[in-house]
Engineer: 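Let me begin by handing over the structure; questions about it come next.
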Amino acid sequence: MKKKLCLVVLVFAVMTLFLRGIPYVAAGIAARGVWGVNYGSVVFPILLGAVALHLYRKQE
């Protein structure tokens with residue numbers, strides 16, 4: 001059960017990263033430059049996915 005939950009969280013994090021995070025950051029960089037963008041929309045899903053992947057591998 002925990003293994004499936006980790007996989008679902010990993011898929012959700014990757015989808016969030018590609019569908020919302022990267023386009024937002026790219027548009028922000030184009031409009032305001034590198035230092036004017038909040039990178040939380042990219043960093044948080046990456047960290048969440050890394051933790052989920054670590055826990056998924058730990059279950060095997």
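All values derive from a computational prediction rather than experimental measurement.
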Engineer: Does I29 reach the side chain of Y39, with side-chain heavy atoms less than 4.5 Å apart?
Structural biologist: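 Yes - at least one pair of side-chain heavy atoms lies under 4.5 Å apart.
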
Engineer: Taking all atoms of both residues into account, what is the closest heavy-atom pair of G28 and V37, and its distance?
Structural biologist: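 So the two residues come closest at C-CG2, 3.3 Å.
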
Engineer: Under a single-linkage definition using a 4.5 Å side-chain heavy-atom cutoff for Ile, Leu, Val, Met, Phe, Trp and Tyr, are V11 and L5 assigned to the same hydrophobic cluster?
Structural biologist: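 No, V11 and L5 fall in different hydrophobic clusters.
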
Engineer: Of all the heavy-atom pairs spanning V25 and N38, show the shortest one and how long it is.
Structural biologist: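 Taking every non-hydrogen atom into account, CG2-O, 4.3 Å.
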
Engineer: Mind checking the NE2-SG spacing from H54 to C6? Nearest 0.5 Å is all I need.
Structural biologist: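 It comes to 10.0 Å.
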
Engineer: Measure across G49 and L10 and return the closest heavy-atom pair with its distance rounded to 0.1 Å.
Structural biologist: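 Of all heavy-atom pairs spanning G49 and L10, the closest is O-CD1, 3.4 Å.
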
Engineer: Treat each ILVMFWY residue as a node, draw an edge where side-chain heavy atoms are under 4.5 Å apart, and state whether M15 and V51 are in one component.
Structural biologist: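 In one cluster: no.
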
Engineer: Side-chain contact, heavy-atom cut-off 4.5 Å: P45 with V14?
Structural biologist: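 SC-SC contact between P45 and V14 ruled out.
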
Engineer: Say whether Y24 and F18 are linked into one hydrophobic cluster, either directly or through other cluster members, by side-chain heavy-atom distances under 4.5 angstrom.
Structural biologist: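 Y24 and F18: one cluster.
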
Engineer: I'd like to know whether CZ of R20 has more than 12 heavy-atom contacts from other residues, nucleotides or ligands below 6.0 angstrom.
Structural biologist: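 Incorrect, the count does not exceed 12.
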
Engineer: Once rounded to the nearest 0.5 Å, what's the spacing between atom NZ of K58 and atom NZ of K2?
Structural biologist: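 The NZ atom of K58 sits 7.0 Å away from the NZ atom of K2.
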
Engineer: My understanding is that only residues two or more places apart in sequence, or in another chain, count here; which of them pass side-chain contact (heavy atoms from CB on, under 4.5 Å) with L7?
Structural biologist: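 With sequence neighbours excluded, L7 shows a side-chain contact (heavy atoms from CB on, under 4.5 Å) to Y56, given in chain and number order.
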
Engineer: Atom CG of L17 and atom CD1 of I22: how far apart are they, to the nearest 0.5 Å?
Structural biologist: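 If I round to the nearest 0.5 Å, the distance is 4.0 Å.
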
